[in-house]
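Report on the following structure.
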Amino acid sequence: MSICVRCLVSGKVQGVFFRASTRYQAQQLGIAGYANNLPDGRVEVLACGEPEAIDQLKAWLVKGPPSASVSAVACEPVQLVSAQGFTTG
């Protein structure tokens, strides 16, 4: 059973390879979706996949890549979407 969540990641998360690192983690976990920079400095992540994989990605988002400094992650369930692969924008 697949689920989708939308997470907003705050902190020093732009310009530190956060989106590319998130894509790598998602691909390793078999998660589809995207990671996009927002104008306010946050990163929006849509992740669709198996609940266990989503939990693993959410745990990773709290840390992020080594050069990031995550201050908050807020996730909410969203309607299941038919996403193919994982993209960054």
With sequence neighbours left out, the residues meeting side chain to side chain contact (heavy atoms under 4.5 Å, CB included) with Thr87 are Tyr34
field: Val43 vs Asn36 side-chain heavy atoms within contact, under 4.5 Å
entry: no
Residue pairs meeting disulfide (SG to SG under 2.5 Å), one or both in residues 26-89, sequence neighbours left out, come to Cys4-Cys48, Cys7-Cys75
Residue pairs meeting side-chain hydrogen bond (donor to acceptor under 3.5 Å, both in side chains), one or both in residues 69-79, sequence neighbours left out, come to none
Contacts of Ile3 meeting side chain to side chain contact (heavy atoms under 4.5 Å, CB included) (sequence neighbours excluded), chain-then-number -> Met1, Pro51, Ile54
Notebook entry, point to check: Would you call Arg6 and Leu8 a side-chain contact if the rule is heavy atoms closer than 4.5 Å?
Noted result: yes
Across all chains, not counting sequence neighbours, the ring-ring contact (aromatic ring centres under 6.0 Å, His included) partners of Phe18 are Trp60
So NZ of Lys63 and CD of Gln25: to nearest 0.5 Å the spacing works out to 8.0 Å
Is any side-chain heavy atom of Val45 closer than 4.5 Å to one of Leu61? yes
To the nearest 0.5 Å, atom CD of Glu44 lies from atom CZ of Arg42 at 8.5 Å
dist Leu29:CG -> Leu57:CG (nearest 0.5 Å) comes out at 6.5 Å
Residues at least two apart in sequence or cross-chain that pass side chain to side chain contact (heavy atoms under 4.5 Å, CB included) with Gln28, listed by chain then number, are Tyr24
What one should report as the nearest heavy-atom pair of Thr22 and Phe86 is CG2-CZ, 4.0 Å
Minimum side-chain heavy-atom gap Val13-Val70 below 4.5 Å: yes
